[in-house]
Amino acid sequence: MSESNKPVKPQLIQPRTLKGFRDHLPETMIPREQLIQTAREVYRSFGFGPIDTPTLEYLEILTGKGSEETDRQLYKFQDHGGRDVGMRFDLTVPLARFVAQHINELGTPFKRYHIAPVWRGENTQRGRYREFMQCDFDTIGTLSVAADIETGLVINALLASIGFERFTIHINNRQVLNGLLDKLGLSDQATPVLRSLDKLAKIGEEKVIAEMVQAAGTSEEQARSVLAMAALEGSNEEILQQLRLIVAGNELGEAGVDRLEQILTGMLAGGVPAERIKLDVSIARGLDYYTGAIFETFLDDLPDIGSVCSGGRYDNLAELYTKRQLPGIGASLGLDRLLAAMEELGMISNVKTTAEVLVTYFDKNALGKYLEIAANLRAAGLNVEVYPDAKKLGQQLKYADARGFAYAIIAGEDELARDTLQIKNLTTGESTEHPIASAASALSDMINKANA
RNA sequence: GUGGCUGUAGCUCAGUUGGUUAGAGCACUGGAUUGUGGUUCCAGGGGUCGGGGGUUCGAAUCCCCUCAGCCACCCCA
């Protein structure tokens with residue numbers, strides 16, 4: 001064969017995904033969707049309603065605050081009509097626009113949840129992607145401490161419903177910090193001071209002080225005063241007591257401590273176990289738009305993974321878009337972190353099927369019968385898959401086992417002649433024979449018993 | 001965005017100072033006297049060594065570029 005007769009290789013396109021963007025296989029999507037479903041149920045149980053907003057917004061909506069960092073991370077381009085547009089990088093800015101636009105239809109208080117992907121063109125790292133889900137809930141239009149308390153209750157309910165028992169909700173109030181900064185004459189440097197303070201756990205006391213002196217222009221003494229407050233330890237009651245002394249004489253600070261106390265007692269009254277709540281003046285979140293309560297939630301068994309649910313109160317959500325003042329409070333569940341934690345803690349089963357029952361395709365002349373059996377089981381509320389090929393039974397069971405099915409239905413010539421089928425429990429290996437007519441209720445009973 | 005480390009089958013890796021048809025385990029597919037899985041045994045598919053270019057008689061192995069992953073910084077609205 002000469003060179004020219006060689007078949008031309010088709011030019012394949014290399015299958016790949018963009019940096020920071022991920023595919024999700026069923027085995028990871030199943031727990032992911034379960035988590036989202038749980039969050040949805042918890043949000044709804046408190047009366048939050050679902051909303052959605054467009055992926056793309058006018059660029060000016062997103063760049064409103066216009067920091068350099070925003071510019072660097074924002075995905076932006078011109079659409080076919082020459083409009084400058086950007087992809088949302090969080091759900092809060094779209095919420096602000098949404099609320100400003102619709103508040104008259106919505107009325108206040110307005111409680112919504114929003115579970116949707118956002119995009120940031122930042123450098124990737126473990127757990128940091130360019131496309132990821134946010135899972136937010138917020139209450140807009142009330143300054144009441146009841147909304148602050150409820151935020152804590154929702155956080156508690158979220159984690160408990162997901163299956164965590166050992167976690168701690170750290171609570172702070174920006175007013176306390178601001179009160180102290182006010183007292184120290186550092187009000188104008190609040191943002192850089194708090195940004196440094198937020199790094200306390202990460203880089204240690206001395207470095208934070210150094211950074212405050214250098215970046216925020218405080219004196220070393222001022223920096224130490226801020227640190228002294230952040231380092232307060234003891235029971236929640238003891239911390240409250242010491243805070244009162246520290247901010248004494250400063251109106252803002254005193255009000256902040258009062259508020260903190262109300263949140264604490266409110267959460268206890270709302271059923272949050274005391275050991276899950278920790279007043280922690282050191283958490284400041286890097287975000288300078290928080291003005292009141294701040295929440296961060298850590299898993300006791302995996303504190304290093306960071307906060308899995310964070311949020312806080314902000315005074316004026318929509319000030320860029322409306323003259324109406326709209327205070328709000330809310331928080332966001334860290335979906336990816338939580339899934340990583342659950343994986344690490346062995347809380348995720350390796351079930352790769354969404355159906356619990358596999359109807360085996362045994363007698364190749366009886367497909368119609370199998371489809372009928374499956375339909376009856378589905379009518380009884382079960383998720384059922386019919387194996388598509390009349391392969392050897394052993395292979396079908398192997399498939400069922402590998403995917404994590406709980407039950408297999410086996411009906412060959414013998415059973416069908418008797419109008420019966422076998423229900424095989426794949427966990428125990430036990431097999432029982434039932435009349436086809438009553439199989440659905442028998443199987444439902446078995447599943448209910450197993451779940452009880 | 002800056003700096004550093006890494007990149008060999010789906011996964012975890014081996015591959016001697018550059019030398020012939022690139023290997024293992026797991027996973028996958030099929031089989032082991034044709035109605036029952038998770039054990040065992042056998043066989044098989046799958047890689048142009050992330051991609052492109054260069055040095056060389058010869059490169060997975062050296063050099064450059066690029067893409068991707070990880071770590072730190074930055075940042076986390």
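So that the names make sense, note that chain A is the first sequence line, chain B the second, and so on, each numbered from 1.
- A salt bridge links A:Arg224 to A:Glu206: one of the charged nitrogens lies within less than 4.0 Å of a carboxylate oxygen.
- In this structure, A:Asp90 atom CG and B:C76 atom P are separated by 12 Å, rounded to whole Å.
- Distance alone, capped at 3.5 Å, places no donor-acceptor pair between the A:Thr297 side chain and the A:Ser307 backbone.
- For the pair A:Gln396 CD and B:U29 C1', the interatomic distance rounds to 16 Å; values are reported in whole Å.
- Comparing the P positions of B:G35 and B:U21 gives a spacing of 47 Å, expressed to the nearest Å.
- Among the heavy atoms of the strands lying under 4.0 Å from A:Thr124 are primed sugar atoms or P, OP1, OP2 only; no base atom is included.
- Every residue two or more places apart in sequence or in another chain was checked for a side chain to side chain donor-acceptor pair (under 3.5 Å) with A:Arg130, and none qualifies.
- Not counting sequence neighbours, the partners of A:Asn173 by the side chain to side chain donor-acceptor pair (under 3.5 Å) test are A:Gln175.
- Contacts between residues 354-368 of chain A and RNA chain B, defined by a heavy-atom separation below 4.0 Å, involve A:Phe362, listed by number.
- Just one residue in the list A:Phe110, A:Tyr113, A:Phe295, A:Phe48 forms a ring-ring contact (aromatic ring centres under 6.0 Å, His included) with A:Phe137, and that residue is A:Phe48.
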Anything under 3.5 Å between a donor and an acceptor, one on a side chain of residues 24-32 of chain A, the other on a protein residue two or more places apart or in another chain? List them.
from, atom 1, to, atom 2, distance (Å)
A:Thr28, OG1, A:Leu25, N, 3.3
A:Thr28, OG1, A:Leu25, O, 3.0
A:Arg32, NH1, A:Asp336, OD1, 3.2

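- Judged by distance alone with a 3.5 Å cut-off, a donor-acceptor contact links the side chain of A:Arg128 to the base of B:C75.
- With respect to the salt-bridge test (charged N to carboxylate O, under 4.0 angstrom), the residues A:Glu385 and A:Arg403 do not qualify.
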Are there any protein N/O atoms within less than 3.5 Å of an N/O atom in nucleotides 5-7 of chain B, and if so, which ones and at what distance?
none

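- By the 6.0 Å and 45° rule, A:Arg22 stacks over the aromatic ring of A:Tyr129.
- Taking 3.5 Å as the limit, the base of B:U36 and the side chain of A:Gln422 contain a donor-acceptor pair of atoms between them.
- Following rounding to the nearest Å, A:Arg22 (CZ) and B:G69 (P) show an atom-to-atom distance of 11 Å.
- Within the 4.0 angstrom heavy-atom criterion, no nucleotide atom of any strand lies near A:Gly306.
- At least one side-chain nitrogen or oxygen of A:Lys391 sits closer than 4.0 Å to the OP1 or OP2 atom of B:G30.
- The shortest side-chain heavy-atom distance between A:Met229 and A:Val176 falls under the 4.5 Å cut-off.
- Taking atom CG of A:Leu18 as the reference point, atom C1' of B:A68 lies 11 Å away to the nearest angstrom.
- Of the charged side-chain nitrogens involved, none lies within less than 4.0 Å of a carboxylate oxygen, so that A:Arg88 and A:Glu57 do not count as a salt-bridged pair.
- Between A:Lys392 and B:G35, a side-chain N or O to OP1/OP2 separation shorter than 4.0 Å is absent.
- Ionic pairing of A:Asp148 and A:Arg259 is present here: one or more N-O contacts between side-chain nitrogen and carboxylate oxygen are shorter than 4.0 angstrom.
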For nucleotides 37-43 of chain B, read 5' to 3', which letter fits each nucleotide if B means a protein heavy atom sits under 4.0 Å from the base, S means only the sugar-phosphate is that close, and - means neither?
BB-----
